[in-house]
Protein chains: 2
Amino acid sequence: MAPTIKLQKAAPLKVSCQQCSLSNLCLPLAVDEQDLDRLENVIEQGRIYSRGEYVFEQNSPFRSCIAVRSGAIKTTMVTENGDEQVTGFYLPGELVGLDSLSSSKYACSAKALDRTSVCELPADQLEELSHKLPGLQHHFFHLMSQEIQNSHQLALMLSKRTAEERIASLLLSLSSRFQRRRLSPTHFQLPMARNDIANFLGLAVETVSRVFTRFQQQRLLTARGREVELLDVNALRQIAQEASDDKPCF
Amino acid sequence: MAPTIKLQKAAPLKVSCQQCSLSNLCLPLAVDEQDLDRLENVIEQGRIYSRGEYVFEQNSPFRSCIAVRSGAIKTTMVTENGDEQVTGFYLPGELVGLDSLSSSKYACSAKALDRTSVCELPADQLEELSHKLPGLQHHFFHLMSQEIQNSHQLALMLSKRTAEERIASLLLSLSSRFQRRRLSPTHFQLPMARNDIANFLGLAVETVSRVFTRFQQQRLLTARGREVELLDVNALRQIAQEASDDKPCF
DNA sequence: CGCAATCTTGAACACCCTCAAGCATGGTGG
DNA sequence: CCACCATGCTTGAGGGTGTTCAAGATTGCG
(Lines give C-alpha, C1' and ligand atoms only; values in the text may rest on other atoms or scores of the structure.)
Protein backbone atom coordinates (compact mmCIF):
# COMPACT_ATOMS: atom_id res chain seq x y z
CA MET A 1 0.00 0.00 0.00
CA ALA A 2 2.59 2.58 -0.95
CA PRO A 3 1.03 6.02 -0.94
CA THR A 4 0.84 7.44 -4.43
CA ILE A 5 2.88 10.57 -4.63
CA LYS A 6 1.42 13.13 -6.95
CA LEU A 7 4.23 15.41 -7.91
CA GLN A 8 2.50 17.05 -10.82
CA LYS A 9 -1.18 17.61 -10.58
CA ALA A 10 -0.92 21.04 -12.02
CA ALA A 11 -1.73 22.92 -15.18
CA PRO A 12 -1.94 20.38 -17.96
CA LEU A 13 -1.85 21.97 -21.33
CA LYS A 14 -5.36 21.59 -22.65
CA VAL A 15 -5.40 19.91 -26.03
CA SER A 16 -8.57 18.93 -27.80
CA CYS A 17 -8.97 15.38 -29.04
CA GLN A 18 -9.15 16.72 -32.58
CA GLN A 19 -5.74 18.27 -32.30
CA CYS A 20 -4.21 15.32 -30.48
CA SER A 21 -1.70 13.48 -32.62
CA LEU A 22 -2.94 10.18 -31.24
CA SER A 23 -6.60 10.67 -32.04
CA ASN A 24 -6.59 8.11 -34.80
CA LEU A 25 -5.20 5.47 -32.46
CA CYS A 26 -6.96 6.33 -29.27
CA LEU A 27 -10.56 7.05 -30.13
CA PRO A 28 -10.87 7.14 -33.89
CA LEU A 29 -14.48 8.18 -34.01
CA ALA A 30 -16.43 8.82 -37.10
CA VAL A 31 -18.56 11.32 -35.30
CA ASP A 32 -19.70 14.83 -35.97
CA GLU A 33 -18.63 18.03 -34.27
CA GLN A 34 -21.26 17.88 -31.63
CA ASP A 35 -20.27 14.37 -30.61
CA LEU A 36 -16.64 15.34 -30.36
CA ASP A 37 -17.60 18.22 -28.11
CA ARG A 38 -19.52 15.88 -25.87
CA LEU A 39 -16.56 13.56 -25.72
CA GLU A 40 -14.15 16.32 -24.88
CA ASN A 41 -16.34 17.61 -22.13
CA VAL A 42 -16.05 14.22 -20.49
CA ILE A 43 -12.37 13.58 -20.92
CA GLU A 44 -10.00 14.95 -18.34
CA GLN A 45 -6.68 15.68 -19.85
CA GLY A 46 -3.08 16.07 -19.08
CA ARG A 47 -2.40 14.40 -15.75
CA ILE A 48 1.30 13.72 -15.56
CA TYR A 49 2.85 10.90 -13.56
CA SER A 50 6.53 10.42 -12.90
CA ARG A 51 8.37 7.14 -13.18
CA GLY A 52 7.26 4.56 -10.65
CA GLU A 53 4.12 6.40 -9.68
CA TYR A 54 0.81 4.54 -9.62
CA VAL A 55 -1.87 5.80 -11.97
CA PHE A 56 -4.35 3.64 -10.11
CA GLU A 57 -4.12 0.73 -7.72
CA GLN A 58 -5.80 -2.66 -7.71
CA ASN A 59 -8.96 -2.81 -5.60
CA SER A 60 -9.25 0.93 -5.27
CA PRO A 61 -12.57 2.31 -6.54
CA PHE A 62 -12.81 2.28 -10.31
CA ARG A 63 -12.82 5.90 -11.35
CA SER A 64 -11.87 5.99 -14.99
CA CYS A 65 -10.23 4.42 -18.00
CA ILE A 66 -6.86 5.86 -18.92
CA ALA A 67 -5.55 6.76 -22.34
CA VAL A 68 -1.79 7.05 -22.53
CA ARG A 69 -0.59 10.24 -24.22
CA SER A 70 3.13 9.94 -23.69
CA GLY A 71 5.43 7.69 -21.74
CA ALA A 72 4.38 4.14 -20.88
CA ILE A 73 2.34 2.23 -18.33
CA LYS A 74 2.51 -1.32 -17.03
CA THR A 75 -0.43 -3.07 -15.45
CA THR A 76 -0.02 -5.69 -12.74
CA MET A 77 -2.26 -8.02 -10.79
CA VAL A 78 -1.41 -9.22 -7.31
CA THR A 79 -2.70 -12.54 -6.04
CA GLU A 80 -3.73 -13.35 -2.49
CA ASN A 81 -0.43 -15.05 -1.78
CA GLY A 82 1.41 -11.96 -2.78
CA ASP A 83 3.06 -12.56 -6.10
CA GLU A 84 2.68 -10.11 -8.90
CA GLN A 85 1.92 -10.66 -12.56
CA VAL A 86 2.48 -8.02 -15.21
CA THR A 87 -0.59 -8.20 -17.44
CA GLY A 88 0.32 -5.63 -20.04
CA PHE A 89 2.38 -2.74 -21.32
CA TYR A 90 0.61 0.31 -22.69
CA LEU A 91 2.13 2.84 -25.04
CA PRO A 92 0.81 6.20 -26.25
CA GLY A 93 -2.56 5.87 -27.95
CA GLU A 94 -3.51 2.76 -25.98
CA LEU A 95 -6.25 2.41 -23.39
CA VAL A 96 -5.75 1.08 -19.87
CA GLY A 97 -8.41 -0.23 -17.50
CA LEU A 98 -10.86 -1.96 -19.80
CA ASP A 99 -10.68 -5.04 -17.62
CA SER A 100 -12.15 -3.07 -14.74
CA LEU A 101 -15.39 -2.03 -16.40
CA SER A 102 -17.10 -4.99 -14.83
CA SER A 103 -16.77 -3.96 -11.25
CA SER A 104 -16.50 -1.04 -8.92
CA LYS A 105 -12.85 -1.73 -8.21
CA TYR A 106 -9.77 -1.75 -10.40
CA ALA A 107 -8.84 -5.29 -11.42
CA CYS A 108 -5.18 -4.38 -11.69
CA SER A 109 -2.71 -1.68 -10.79
CA ALA A 110 -1.25 0.70 -13.36
CA LYS A 111 2.21 2.12 -12.86
CA ALA A 112 4.06 4.69 -14.92
CA LEU A 113 7.21 3.18 -16.39
CA ASP A 114 8.43 6.61 -17.23
CA ARG A 115 7.31 10.19 -17.07
CA THR A 116 3.85 9.65 -18.45
CA SER A 117 0.92 11.87 -19.34
CA VAL A 118 -2.58 10.52 -19.68
CA CYS A 119 -6.18 11.40 -20.42
CA GLU A 120 -8.97 10.09 -18.23
CA LEU A 121 -12.41 8.80 -19.21
CA PRO A 122 -14.47 8.88 -16.02
CA ALA A 123 -16.31 5.63 -15.44
CA ASP A 124 -19.67 7.11 -14.57
CA GLN A 125 -19.86 9.09 -17.77
CA LEU A 126 -18.36 6.44 -19.96
CA GLU A 127 -21.31 4.13 -20.25
CA GLU A 128 -23.75 6.96 -20.56
CA LEU A 129 -21.76 8.61 -23.28
CA SER A 130 -21.20 5.46 -25.25
CA HIS A 131 -24.92 4.97 -25.10
CA LYS A 132 -25.42 8.37 -26.68
CA LEU A 133 -22.72 7.86 -29.26
CA PRO A 134 -23.12 4.52 -31.05
CA GLY A 135 -19.72 5.03 -32.63
CA LEU A 136 -18.15 5.14 -29.21
CA GLN A 137 -19.99 2.03 -28.11
CA HIS A 138 -18.79 0.24 -31.19
CA HIS A 139 -15.26 1.38 -30.53
CA PHE A 140 -15.34 0.14 -26.97
CA PHE A 141 -16.70 -3.24 -27.99
CA HIS A 142 -13.89 -3.34 -30.50
CA LEU A 143 -11.18 -2.41 -28.02
CA MET A 144 -12.39 -4.83 -25.41
CA SER A 145 -12.68 -7.77 -27.75
CA GLN A 146 -9.21 -6.90 -29.02
CA GLU A 147 -7.98 -6.97 -25.45
CA ILE A 148 -9.49 -10.42 -24.98
CA GLN A 149 -7.76 -11.64 -28.12
CA ASN A 150 -4.46 -10.18 -27.01
CA SER A 151 -4.77 -11.88 -23.69
CA HIS A 152 -5.53 -15.19 -25.37
CA GLN A 153 -2.49 -14.74 -27.54
CA LEU A 154 -0.45 -14.10 -24.43
CA ALA A 155 -1.83 -17.24 -22.83
CA LEU A 156 -0.87 -19.19 -25.92
CA MET A 157 2.67 -17.85 -25.73
CA LEU A 158 2.99 -18.62 -22.06
CA SER A 159 1.81 -22.17 -22.48
CA LYS A 160 3.45 -23.16 -25.74
CA ARG A 161 6.42 -21.00 -26.57
CA THR A 162 10.07 -21.18 -25.54
CA ALA A 163 11.86 -18.27 -23.91
CA GLU A 164 13.40 -17.19 -27.21
CA GLU A 165 10.06 -17.26 -29.01
CA ARG A 166 8.40 -15.20 -26.30
CA ILE A 167 11.06 -12.52 -26.29
CA ALA A 168 11.16 -12.32 -30.08
CA SER A 169 7.38 -11.87 -30.05
CA LEU A 170 7.53 -9.10 -27.50
CA LEU A 171 10.22 -7.24 -29.40
CA LEU A 172 8.23 -7.48 -32.62
CA SER A 173 5.09 -6.33 -30.89
CA LEU A 174 6.87 -3.27 -29.54
CA SER A 175 8.43 -2.69 -32.93
CA SER A 176 5.12 -2.56 -34.75
CA ARG A 177 3.56 -0.40 -32.09
CA PHE A 178 6.36 2.10 -32.47
CA GLN A 179 5.92 1.97 -36.20
CA ARG A 180 2.24 2.74 -35.84
CA ARG A 181 3.27 5.98 -34.22
CA ARG A 182 5.68 6.77 -37.06
CA LEU A 183 8.70 6.00 -34.93
CA SER A 184 11.54 3.75 -35.93
CA PRO A 185 10.46 0.09 -35.83
CA THR A 186 14.05 -1.10 -35.51
CA HIS A 187 15.67 1.31 -33.12
CA PHE A 188 13.94 2.21 -29.88
CA GLN A 189 14.08 2.38 -26.11
CA LEU A 190 12.45 -0.42 -24.18
CA PRO A 191 9.94 1.25 -21.88
CA MET A 192 10.31 -1.47 -19.24
CA ALA A 193 13.02 -3.15 -17.20
CA ARG A 194 14.23 -6.71 -17.78
CA ASN A 195 12.40 -7.64 -14.63
CA ASP A 196 9.07 -6.52 -16.09
CA ILE A 197 9.74 -8.37 -19.33
CA ALA A 198 10.55 -11.51 -17.38
CA ASN A 199 7.46 -11.27 -15.24
CA PHE A 200 5.20 -10.51 -18.19
CA LEU A 201 6.53 -13.42 -20.23
CA GLY A 202 6.59 -15.86 -17.34
CA LEU A 203 10.36 -16.19 -17.25
CA ALA A 204 13.16 -15.55 -14.79
CA VAL A 205 15.12 -12.35 -15.20
CA GLU A 206 18.23 -14.39 -15.80
CA THR A 207 16.62 -16.16 -18.71
CA VAL A 208 15.65 -12.89 -20.33
CA SER A 209 19.18 -11.67 -19.96
CA ARG A 210 20.61 -14.83 -21.44
CA VAL A 211 18.28 -14.69 -24.44
CA PHE A 212 19.23 -11.09 -25.12
CA THR A 213 22.90 -11.98 -25.17
CA ARG A 214 22.21 -15.02 -27.36
CA PHE A 215 20.30 -12.83 -29.82
CA GLN A 216 23.23 -10.43 -29.89
CA GLN A 217 25.70 -13.22 -30.56
CA GLN A 218 23.52 -14.26 -33.49
CA ARG A 219 23.54 -10.65 -34.76
CA LEU A 220 19.77 -10.43 -34.53
CA LEU A 221 19.92 -7.26 -32.51
CA THR A 222 22.08 -5.02 -30.40
CA ALA A 223 21.08 -3.97 -26.92
CA ARG A 224 22.71 -1.69 -24.42
CA GLY A 225 20.51 -1.41 -21.38
CA ARG A 226 17.10 -0.38 -22.60
CA GLU A 227 18.28 0.77 -25.98
CA VAL A 228 17.55 -1.83 -28.61
CA GLU A 229 18.24 -2.03 -32.31
CA LEU A 230 16.73 -4.86 -34.29
CA LEU A 231 19.18 -6.01 -36.96
CA ASP A 232 17.33 -8.94 -38.50
CA VAL A 233 13.60 -8.53 -38.19
CA ASN A 234 12.83 -11.46 -40.46
CA ALA A 235 14.91 -13.84 -38.41
CA LEU A 236 13.09 -12.61 -35.30
CA ARG A 237 9.79 -13.17 -37.06
CA GLN A 238 10.77 -16.71 -37.83
CA ILE A 239 11.72 -17.31 -34.24
CA ALA A 240 8.47 -15.77 -33.06
CA GLN A 241 6.67 -18.09 -35.45
CA GLU A 242 4.81 -15.24 -37.04
CA ALA A 243 3.96 -15.09 -40.68
CA SER A 244 5.93 -12.10 -41.95
CA ASP A 245 2.92 -10.13 -43.08
CA ASP A 246 0.91 -10.87 -40.01
CA LYS A 247 -0.44 -8.70 -37.26
CA PRO A 248 1.45 -8.60 -33.98
CA CYS A 249 0.16 -10.54 -31.03
CA PHE A 250 -0.13 -7.96 -28.33
CA MET B 1 -11.36 -27.71 -42.88
CA ALA B 2 -13.52 -30.57 -41.70
CA PRO B 3 -17.06 -30.08 -42.92
CA THR B 4 -19.42 -29.40 -40.06
CA ILE B 5 -22.08 -32.03 -39.92
CA LYS B 6 -25.41 -30.71 -38.80
CA LEU B 7 -27.39 -33.66 -37.56
CA GLN B 8 -30.05 -31.71 -35.79
CA LYS B 9 -31.13 -28.44 -37.23
CA ALA B 10 -34.72 -29.13 -36.61
CA ALA B 11 -37.56 -28.08 -34.38
CA PRO B 12 -36.02 -26.51 -31.32
CA LEU B 13 -38.48 -26.18 -28.54
CA LYS B 14 -39.10 -22.48 -28.28
CA VAL B 15 -38.47 -21.24 -24.79
CA SER B 16 -38.65 -17.61 -23.87
CA CYS B 17 -35.75 -16.04 -22.03
CA GLN B 18 -38.05 -15.36 -19.11
CA GLN B 19 -38.81 -19.01 -18.68
CA CYS B 20 -35.24 -20.13 -19.26
CA SER B 21 -33.68 -21.51 -16.13
CA LEU B 22 -30.42 -19.85 -17.02
CA SER B 23 -31.79 -16.36 -17.47
CA ASN B 24 -30.17 -15.07 -14.33
CA LEU B 25 -26.77 -16.25 -15.49
CA CYS B 26 -26.95 -15.57 -19.16
CA LEU B 27 -28.52 -12.17 -19.60
CA PRO B 28 -29.75 -11.06 -16.19
CA LEU B 29 -31.44 -7.91 -17.38
CA ALA B 30 -33.33 -5.56 -15.22
CA VAL B 31 -35.50 -4.59 -18.09
CA ASP B 32 -39.20 -4.23 -18.64
CA GLU B 33 -41.54 -6.46 -20.61
CA GLN B 34 -41.08 -4.57 -23.83
CA ASP B 35 -37.31 -4.83 -23.67
CA LEU B 36 -37.46 -8.55 -23.06
CA ASP B 37 -39.68 -8.93 -26.08
CA ARG B 38 -37.18 -7.04 -28.19
CA LEU B 39 -34.41 -9.26 -26.92
CA GLU B 40 -36.31 -12.41 -27.63
CA ASN B 41 -37.11 -11.34 -31.14
CA VAL B 42 -33.42 -11.12 -31.79
CA ILE B 43 -32.27 -14.31 -30.17
CA GLU B 44 -32.37 -17.49 -32.19
CA GLN B 45 -32.93 -20.44 -29.98
CA GLY B 46 -32.40 -24.08 -29.73
CA ARG B 47 -29.74 -25.09 -32.21
CA ILE B 48 -28.40 -28.43 -31.12
CA TYR B 49 -24.89 -29.67 -31.84
CA SER B 50 -23.60 -33.15 -31.24
CA ARG B 51 -20.28 -33.99 -29.66
CA GLY B 52 -17.31 -32.89 -31.71
CA GLU B 53 -19.30 -30.66 -33.99
CA TYR B 54 -18.12 -27.10 -34.62
CA VAL B 55 -20.46 -24.33 -33.53
CA PHE B 56 -18.32 -21.90 -35.49
CA GLU B 57 -14.84 -21.97 -36.95
CA GLN B 58 -11.96 -19.56 -36.68
CA ASN B 59 -11.75 -17.03 -39.53
CA SER B 60 -15.21 -17.79 -40.80
CA PRO B 61 -17.46 -14.71 -40.94
CA PHE B 62 -18.60 -13.57 -37.51
CA ARG B 63 -22.30 -14.22 -37.40
CA SER B 64 -23.30 -14.28 -33.76
CA CYS B 65 -22.42 -14.70 -30.14
CA ILE B 66 -23.44 -18.00 -28.61
CA ALA B 67 -25.07 -18.63 -25.27
CA VAL B 68 -24.73 -22.20 -24.03
CA ARG B 69 -28.00 -23.71 -22.83
CA SER B 70 -26.91 -27.27 -22.17
CA GLY B 71 -23.81 -29.32 -22.76
CA ALA B 72 -20.43 -27.63 -23.04
CA ILE B 73 -18.23 -25.86 -25.56
CA LYS B 74 -14.49 -25.44 -25.87
CA THR B 75 -12.89 -22.62 -27.81
CA THR B 76 -9.56 -22.99 -29.58
CA MET B 77 -7.19 -20.78 -31.51
CA VAL B 78 -4.89 -22.10 -34.18
CA THR B 79 -1.64 -20.33 -34.98
CA GLU B 80 0.00 -19.99 -38.38
CA ASN B 81 2.40 -22.82 -37.65
CA GLY B 82 -0.45 -25.12 -36.91
CA ASP B 83 -0.60 -25.74 -33.19
CA GLU B 84 -3.79 -25.33 -31.29
CA GLN B 85 -4.49 -23.61 -28.00
CA VAL B 86 -7.66 -24.18 -26.00
CA THR B 87 -8.69 -20.72 -24.82
CA GLY B 88 -11.72 -21.59 -22.75
CA PHE B 89 -14.44 -23.95 -21.62
CA TYR B 90 -18.02 -22.71 -21.60
CA LEU B 91 -20.83 -24.20 -19.55
CA PRO B 92 -24.59 -23.53 -19.62
CA GLY B 93 -25.36 -19.88 -18.98
CA GLU B 94 -22.03 -18.69 -20.35
CA LEU B 95 -21.41 -16.63 -23.49
CA VAL B 96 -19.03 -17.62 -26.29
CA GLY B 97 -17.58 -15.37 -28.96
CA LEU B 98 -17.07 -12.08 -27.16
CA ASP B 99 -13.50 -11.99 -28.40
CA SER B 100 -14.77 -11.78 -31.97
CA LEU B 101 -16.82 -8.61 -31.63
CA SER B 102 -13.87 -6.62 -32.90
CA SER B 103 -13.71 -8.07 -36.35
CA SER B 104 -15.73 -9.61 -39.11
CA LYS B 105 -14.22 -13.04 -38.54
CA TYR B 106 -14.30 -15.40 -35.58
CA ALA B 107 -11.11 -15.13 -33.53
CA CYS B 108 -11.40 -18.73 -32.41
CA SER B 109 -13.23 -21.95 -33.13
CA ALA B 110 -15.96 -23.30 -30.88
CA LYS B 111 -16.54 -27.03 -30.64
CA ALA B 112 -19.25 -28.90 -28.78
CA LEU B 113 -17.71 -31.13 -26.12
CA ASP B 114 -20.95 -32.94 -25.76
CA ARG B 115 -24.47 -32.84 -27.08
CA THR B 116 -24.98 -29.10 -26.74
CA SER B 117 -27.84 -26.70 -27.30
CA VAL B 118 -27.30 -23.00 -27.73
CA CYS B 119 -28.98 -19.66 -28.30
CA GLU B 120 -27.59 -17.25 -30.85
CA LEU B 121 -27.29 -13.47 -30.66
CA PRO B 122 -26.78 -12.31 -34.24
CA ALA B 123 -23.90 -9.87 -34.56
CA ASP B 124 -25.63 -7.30 -36.69
CA GLN B 125 -28.48 -6.89 -34.25
CA LEU B 126 -26.37 -7.12 -31.15
CA GLU B 127 -24.82 -3.68 -31.19
CA GLU B 128 -28.01 -2.05 -32.28
CA LEU B 129 -29.99 -3.70 -29.55
CA SER B 130 -27.49 -2.97 -26.84
CA HIS B 131 -27.70 0.62 -27.94
CA LYS B 132 -31.44 0.58 -27.43
CA LEU B 133 -31.20 -1.24 -24.11
CA PRO B 134 -28.68 0.42 -21.80
CA GLY B 135 -29.02 -2.53 -19.47
CA LEU B 136 -27.81 -4.84 -22.20
CA GLN B 137 -24.93 -2.57 -23.06
CA HIS B 138 -23.91 -2.53 -19.42
CA HIS B 139 -24.15 -6.28 -19.26
CA PHE B 140 -21.96 -6.73 -22.30
CA PHE B 141 -19.34 -4.36 -20.96
CA HIS B 142 -19.48 -6.38 -17.79
CA LEU B 143 -19.14 -9.74 -19.51
CA MET B 144 -16.31 -8.60 -21.73
CA SER B 145 -14.30 -7.05 -18.97
CA GLN B 146 -14.86 -10.22 -16.97
CA GLU B 147 -13.53 -12.19 -19.90
CA ILE B 148 -10.42 -10.01 -19.96
CA GLN B 149 -9.90 -10.59 -16.28
CA ASN B 150 -10.35 -14.33 -16.67
CA SER B 151 -7.84 -14.39 -19.43
CA HIS B 152 -5.36 -12.44 -17.31
CA GLN B 153 -5.89 -14.91 -14.51
CA LEU B 154 -5.21 -17.71 -16.94
CA ALA B 155 -2.03 -16.00 -18.08
CA LEU B 156 -0.96 -15.68 -14.48
CA MET B 157 -1.53 -19.37 -13.91
CA LEU B 158 0.34 -20.35 -17.03
CA SER B 159 3.33 -18.25 -16.16
CA LYS B 160 3.59 -18.76 -12.43
CA ARG B 161 1.85 -21.92 -11.26
CA THR B 162 2.96 -25.52 -11.09
CA ALA B 163 1.04 -28.33 -12.74
CA GLU B 164 -0.68 -29.23 -9.46
CA GLU B 165 -1.73 -25.65 -8.80
CA ARG B 166 -3.16 -25.26 -12.28
CA ILE B 167 -5.22 -28.41 -12.10
CA ALA B 168 -6.50 -27.66 -8.64
CA SER B 169 -7.57 -24.23 -9.89
CA LEU B 170 -9.39 -25.68 -12.86
CA LEU B 171 -11.23 -28.21 -10.72
CA LEU B 172 -12.31 -25.49 -8.30
CA SER B 173 -13.43 -23.26 -11.12
CA LEU B 174 -15.60 -26.02 -12.53
CA SER B 175 -16.86 -26.81 -9.06
CA SER B 176 -18.10 -23.30 -8.41
CA ARG B 177 -19.60 -23.02 -11.85
CA PHE B 178 -21.59 -26.20 -11.23
CA GLN B 179 -22.64 -24.84 -7.87
CA ARG B 180 -23.91 -21.66 -9.51
CA ARG B 181 -26.29 -23.83 -11.47
CA ARG B 182 -27.46 -25.60 -8.30
CA LEU B 183 -25.56 -28.75 -9.16
CA SER B 184 -23.25 -30.61 -6.85
CA PRO B 185 -19.99 -28.71 -6.42
CA THR B 186 -18.14 -31.83 -5.35
CA HIS B 187 -19.42 -34.55 -7.64
CA PHE B 188 -19.60 -33.93 -11.37
CA GLN B 189 -18.63 -35.02 -14.86
CA LEU B 190 -15.72 -33.25 -16.48
CA PRO B 191 -17.06 -31.88 -19.75
CA MET B 192 -13.66 -32.18 -21.44
CA ALA B 193 -11.02 -34.80 -22.11
CA ARG B 194 -7.62 -34.89 -20.39
CA ASN B 195 -6.14 -33.72 -23.64
CA ASP B 196 -8.18 -30.53 -23.55
CA ILE B 197 -7.29 -29.91 -19.93
CA ALA B 198 -3.62 -30.35 -20.75
CA ASN B 199 -3.75 -28.03 -23.72
CA PHE B 200 -5.73 -25.39 -21.84
CA LEU B 201 -3.35 -25.41 -18.88
CA GLY B 202 -0.20 -25.58 -20.96
CA LEU B 203 0.77 -29.07 -19.81
CA ALA B 204 1.38 -32.45 -21.37
CA VAL B 205 -1.44 -34.99 -21.14
CA GLU B 206 0.85 -37.25 -19.17
CA THR B 207 1.39 -34.57 -16.57
CA VAL B 208 -2.34 -34.07 -16.14
CA SER B 209 -2.78 -37.78 -15.70
CA ARG B 210 0.00 -37.99 -13.15
CA VAL B 211 -1.40 -35.10 -11.12
CA PHE B 212 -4.83 -36.73 -11.05
CA THR B 213 -3.37 -39.94 -9.68
CA ARG B 214 -1.27 -38.02 -7.16
CA PHE B 215 -4.37 -36.17 -5.98
CA GLN B 216 -6.14 -39.49 -5.58
CA GLN B 217 -3.28 -40.96 -3.57
CA GLN B 218 -3.54 -37.94 -1.28
CA ARG B 219 -7.29 -38.55 -0.94
CA LEU B 220 -8.08 -35.11 -2.35
CA LEU B 221 -10.44 -36.55 -4.91
CA THR B 222 -11.56 -39.66 -6.75
CA ALA B 223 -11.69 -39.83 -10.51
CA ARG B 224 -12.80 -42.52 -12.88
CA GLY B 225 -12.57 -41.23 -16.40
CA ARG B 226 -14.48 -38.00 -16.55
CA GLU B 227 -16.35 -38.59 -13.33
CA VAL B 228 -14.81 -36.62 -10.51
CA GLU B 229 -15.59 -36.33 -6.83
CA LEU B 230 -13.78 -33.72 -4.80
CA LEU B 231 -13.07 -35.08 -1.31
CA ASP B 232 -11.09 -32.25 0.24
CA VAL B 233 -12.02 -28.92 -1.27
CA ASN B 234 -10.06 -26.93 1.27
CA ALA B 235 -6.87 -28.79 0.56
CA LEU B 236 -7.43 -28.14 -3.13
CA ARG B 237 -7.99 -24.48 -2.38
CA GLN B 238 -4.72 -24.33 -0.54
CA ILE B 239 -2.93 -25.94 -3.43
CA ALA B 240 -4.59 -23.58 -5.87
CA GLN B 241 -3.44 -20.73 -3.65
CA GLU B 242 -6.89 -19.32 -3.36
CA ALA B 243 -8.26 -17.71 -0.28
CA SER B 244 -11.10 -20.00 0.78
CA ASP B 245 -13.81 -17.38 0.50
CA ASP B 246 -12.58 -16.02 -2.79
CA LYS B 247 -14.03 -15.95 -6.25
CA PRO B 248 -12.84 -18.55 -8.72
CA CYS B 249 -10.37 -17.54 -11.41
CA PHE B 250 -12.08 -18.60 -14.60
C1' DC C 1 32.36 9.11 -5.39
C1' DG C 2 29.69 5.54 -3.56
C1' DC C 3 25.60 3.17 -2.86
C1' DA C 4 21.56 0.92 -4.82
C1' DA C 5 19.34 -0.97 -8.38
C1' DT C 6 19.68 -3.33 -12.56
C1' DC C 7 21.76 -6.45 -15.49
C1' DT C 8 24.84 -10.32 -16.68
C1' DT C 9 27.12 -14.78 -16.15
C1' DG C 10 27.94 -19.39 -14.22
C1' DA C 11 26.83 -23.96 -12.07
C1' DA C 12 23.57 -27.26 -10.17
C1' DC C 13 19.06 -28.77 -9.79
C1' DA C 14 13.98 -29.33 -10.54
C1' DC C 15 10.02 -29.66 -12.98
C1' DC C 16 7.86 -31.00 -16.77
C1' DC C 17 8.21 -32.90 -21.52
C1' DT C 18 9.15 -36.51 -24.74
C1' DC C 19 9.14 -41.07 -26.02
C1' DA C 20 7.43 -45.58 -25.41
C1' DA C 21 4.55 -49.03 -23.87
C1' DG C 22 0.62 -50.94 -21.45
C1' DC C 23 -4.09 -50.52 -19.95
C1' DA C 24 -9.07 -49.29 -19.88
C1' DT C 25 -13.23 -47.93 -22.39
C1' DG C 26 -16.65 -47.76 -25.72
C1' DG C 27 -18.48 -48.18 -30.13
C1' DT C 28 -18.82 -51.15 -34.42
C1' DG C 29 -19.44 -54.96 -37.09
C1' DG C 30 -19.29 -59.78 -37.86
C1' DC D 1 -22.72 -61.44 -27.98
C1' DC D 2 -18.18 -61.02 -28.26
C1' DA D 3 -14.05 -59.88 -30.85
C1' DC D 4 -11.93 -56.07 -32.52
C1' DC D 5 -10.10 -51.62 -33.10
C1' DA D 6 -9.82 -46.75 -32.07
C1' DT D 7 -9.50 -43.56 -28.78
C1' DG D 8 -8.42 -41.95 -24.46
C1' DC D 9 -5.99 -42.61 -20.21
C1' DT D 10 -2.15 -44.19 -17.23
C1' DT D 11 2.60 -45.34 -15.95
C1' DG D 12 7.65 -45.48 -16.41
C1' DA D 13 12.40 -43.87 -17.71
C1' DG D 14 15.41 -40.38 -19.45
C1' DG D 15 16.54 -35.86 -20.95
C1' DG D 16 16.01 -30.75 -21.82
C1' DT D 17 14.65 -26.13 -20.90
C1' DG D 18 14.35 -22.89 -17.62
C1' DT D 19 14.80 -21.94 -12.49
C1' DT D 20 17.31 -21.09 -8.45
C1' DC D 21 21.15 -19.66 -6.00
C1' DA D 22 25.25 -17.04 -5.92
C1' DA D 23 28.47 -13.80 -7.32
C1' DG D 24 30.20 -10.26 -10.23
C1' DA D 25 29.62 -6.31 -13.68
C1' DT D 26 27.34 -2.23 -15.03
C1' DT D 27 24.45 1.57 -14.72
C1' DG D 28 22.18 5.41 -12.69
C1' DC D 29 21.59 8.80 -9.29
C1' DG D 30 22.17 11.23 -4.98
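In what follows, every chain begins at residue 1, and chains take the letters A, B, ... in the order their sequences are listed. Note that the structure is a prediction, hence the values are computed from the model and not measured.
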(message) Using a 3.5 Å distance criterion without hydrogens, assess whether the side chain of B:S100 forms a donor-acceptor pair with backbone atoms of B:A107.
(response) yes
(message) For residues 70-90 of chain B, which residue pairs pass the ring pair (Phe, Tyr, Trp, His ring centres under 6.0 Å) check, not counting sequence neighbours?
(response) B:F89-B:F200
(request) Give a yes-or-no answer on whether the side chains of B:Q179 and B:S176 include a donor-acceptor pair shorter than 3.5 Å. (result) no
(request) Could you tell me the separation between the CZ atom of B:R194 and the P atom of D:dT11, rounded to a whole number of Å? (result) 11 Å
So which protein N/O to nucleotides 14-16 of chain D N/O distances come out below 3.5 Å?
none

(message) Any side-chain to backbone donor/acceptor pair from B:R166 onto B:L201? Under 3.5 Å, distance only.
(response) yes
(request) Please confirm whether the backbone N or O of A:Q58 pairs with a side-chain atom of A:S60, one donor and one acceptor, at under 3.5 Å? (result) no
(request) Sequence neighbours left out, what passes side-chain contact (heavy atoms from CB on, under 4.5 Å) with A:R226? Give chain and number order. (result) A:R51, A:Q189, A:L190, A:A193
(request) Figure out the CG/P separation between A:N199 and C:dC7, and round it to whole Å. (result) 13 Å
(message) Which residues pass the salt bridge (Lys or Arg N to Asp or Glu O under 4.0 Å) test with A:E206, not counting sequence neighbours?
(response) none
(request) Could you walk me through whether B:Q216 and B:T213 pass the side-chain hydrogen bond (donor to acceptor under 3.5 Å, both in side chains) test, one step at a time? (result) CA-CA 5 Å; B:Q216 291 190 75; B:T213 51; over 6 Å; no
(message) Would you call the rings of B:F56 and B:Y106 parallel, tilted or perpendicular, taking 30° and 60° as the class edges?
(response) parallel
(request) Report yes or no: is the cationic atom of A:R194 (NZ for Lys, CZ for Arg) under 6.0 Å from the centre of the six-membered ring of A:F212, at an angle within 45° of the ring normal? (result) yes
(request) Measure the distance from CG on B:L113 to P on D:dG8 and round it to the nearest whole Å. (result) 12 Å
(request) Without swapping roles, check the side chain of B:R69 against the backbone of B:G93 for a donor-acceptor pair under 3.5 Å. (result) no
(request) Round to the nearest Å and state the distance from A:E227 atom CD to C:dC7 atom P. (result) 14 Å
(request) Round to a whole Å and report the spacing from CE of B:M192 to P of D:dG8. (result) 15 Å
If you restrict it to nitrogen or oxygen atoms, what contacts under 3.5 Å exist between nucleotides 25-30 of chain D and the protein, and what is each distance?
none

Report, one pair per line, the protein and nucleotides 13-19 of chain C atoms (nitrogen or oxygen only) whose separation is under 3.5 Å.
from, atom 1, to, atom 2, distance (Å)
C:dC16, OP1, B:A163, N, 2.7
C:dC17, OP1, B:G202, O, 3.3
C:dC17, OP1, B:A204, N, 3.0
C:dC17, OP2, B:A204, N, 3.2
C:dC17, OP2, B:T207, OG1, 2.2
C:dT18, O4, B:R210, NH2, 3.1
C:dC19, N4, B:E206, OE2, 2.9

(message) Tell me whether the side-chain N/O atoms of B:S209 come closer than 4.0 Å to OP1 or OP2 in D:dT11.
(response) no
(request) For B:R226 and D:dT7, give me the distance from atom CZ to atom P, rounded to whole Å. (result) 15 Å
(request) Grab the CG-P distance between A:L158 and D:dT17 for me, whole Å please. (result) 19 Å
